[in-house]
Amino acid sequence: MYIGLKHLHSFLPYLLLTVLLFTFLRSVIAYRGKHPHTEGHRKNGLIVLILAHLQLLIGCVLYFVSPMSRSGLNDFGLAMKDSSLRLYTLEHPLMMILAITLITMAYSKSKKDLSDQLKHKVKSVYFGIALLLILSRIPWSAWL
Ligand code: HEM
Ligand code: HEM
């Protein structure tokens with residue numbers, strides 16, 4: 001199960017990061033051009049949300065089966081002194097959950113009764129920060 005989950009958790013970010021970057025740029029262009037917030041914009045946000053939630057679910061299971069996070073959890077104090085163990089046990093999960101929370105809030109707000117301009121603005125800011133958080137805490141040396 002571990003290998004399967006690890007492959008899935010390793011492959012999904014290619015899709016998630018591509019769609020997130022595209023949706024972020026689309027929101028910025030729509031905000032600056034004062035475009036209406038269409039059903040297409042909402043669905044675009046929904047695809048980001050679904051990919052992010054799927055990655056969250058897989059990540060949460062992986063956290064308890066991966067040798068990286070398990071050895072970190074075995075001795076949390078020691079793990080905090082090792083940059084690689086600290087990344088897998090604390091920094092990566094925490095930052096990713098924060099990023100997914102921002103993605104969820106942005107999508108949620110785009111369904112509310114707000115002006116089209118505000119929806120594009122919220123999506124530009126939240127998706128932009130989420131993208132930075134994800135990029136900052138991906139274990140690059142193990143990925144790609
Ligand atoms: C750890 C697991 C998960 C948590 C904690 C979680 C949490 C949430 C929350 C809080 C919302 C509400 C967002 C709102 O205000 O509209 C939501 C919506 C949603 N989630 Fe998840 N989710 C998880 C897993 C998944 C998975 C695995 C999928 C599908 C692959 C998924 C698909 C969706 C969809 C489609 C919506 C919103 C649809 C809509 O309102 O139009 N989620 N989730
Ligand atoms: C946007 C969300 C996320 C992204 C883009 C992401 C991305 C990644 C990537 C690229 C890797 C490296 C995979 C490899 O070695 O090929 C990884 C590993 C890992 N992630 Fe995530 N992740 C996310 C969320 C989470 C969450 C929420 C958790 C836990 C709660 C988590 C736990 C882990 C663990 C434990 C590993 C190490 C797996 C291993 O090599 O044994 N991830 N993640």
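Numbering of ligands and ligand atoms starts at 1, following listing order. These numbers come from a predicted model, not from an experiment.
Under a 4.0 Å criterion applied to the non-hydrogen atoms of Leu54, ligand 1 contributes the atoms 27 (C), 30 (C). Numbered from 1 in the order shown, with element, the atoms of ligand 2 that lie under 4.0 Å from a heavy atom of Ser69 read 35 (C). Within ligand 1, counting atoms from 1 as listed, the ones closer than 4.0 Å to a heavy atom of Tyr107 are 39 (C), 40 (O), 41 (O). For ligand 2, the atoms lying closer than 4.0 Å to a non-hydrogen atom of Tyr2 are 39 (C), 40 (O), 41 (O). Listed by number with element, the atoms of ligand 2 under 4.0 Å from a non-hydrogen atom of Pro139 are 9 (C), 11 (C), 12 (C), 17 (C).
Contact between Ala99 and ligand 2 is absent, with no heavy atom of the residue lying under 4.0 Å from the ligand. The closest approach between a heavy atom of Met105 and any atom of ligand 1 is not below 4.0 Å.
At the shortest separation from atom 40 (O) of ligand 2 among protein heavy atoms lies Lys6 NZ, 2.9 Å.
Shown here are the protein N/O/S atoms lying under 2.8 Å from atom 21 (Fe) of ligand 1, water excluded: His53 ND1.
Residue Ser10 has at least one nitrogen or oxygen atom sitting less than 3.5 Å from a nitrogen or oxygen atom of ligand 2, judged on distance alone.
Annotation for Leu17 and Trp143: closest pair CD1-CH2, 3.9 Å, computed over non-hydrogen atoms.
Considering just the N/O/S atoms of His9, the one nearest atom 21 (Fe) of ligand 2 carries the name NE2. In His92, the N, O or S atom that comes nearest to atom 21 (Fe) of ligand 2 is NE2.
Taking each of Ile47, Leu57, Leu46, Ile100 in turn, the one with a heavy atom nearest to atom 2 (C) of ligand 1 proves to be Leu57. Across Ser108, Gly59, Cys60, heavy-atom proximity to atom 15 (O) of ligand 1 is greatest for Ser108.
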Inset, instruction - Could you walk me through whether Lys123 and His37 pass side chain to side chain donor-acceptor pair (under 3.5 Å), step by step? - result: CA-CA 11 Å; Lys123 284 167 96 174; His37 188 272; 3.1 Å; yes
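The number of heavy-atom neighbours closer than 6.0 Å to CZ of Arg32, taken from other residues, nucleotides and ligands shown, is 12 or below.
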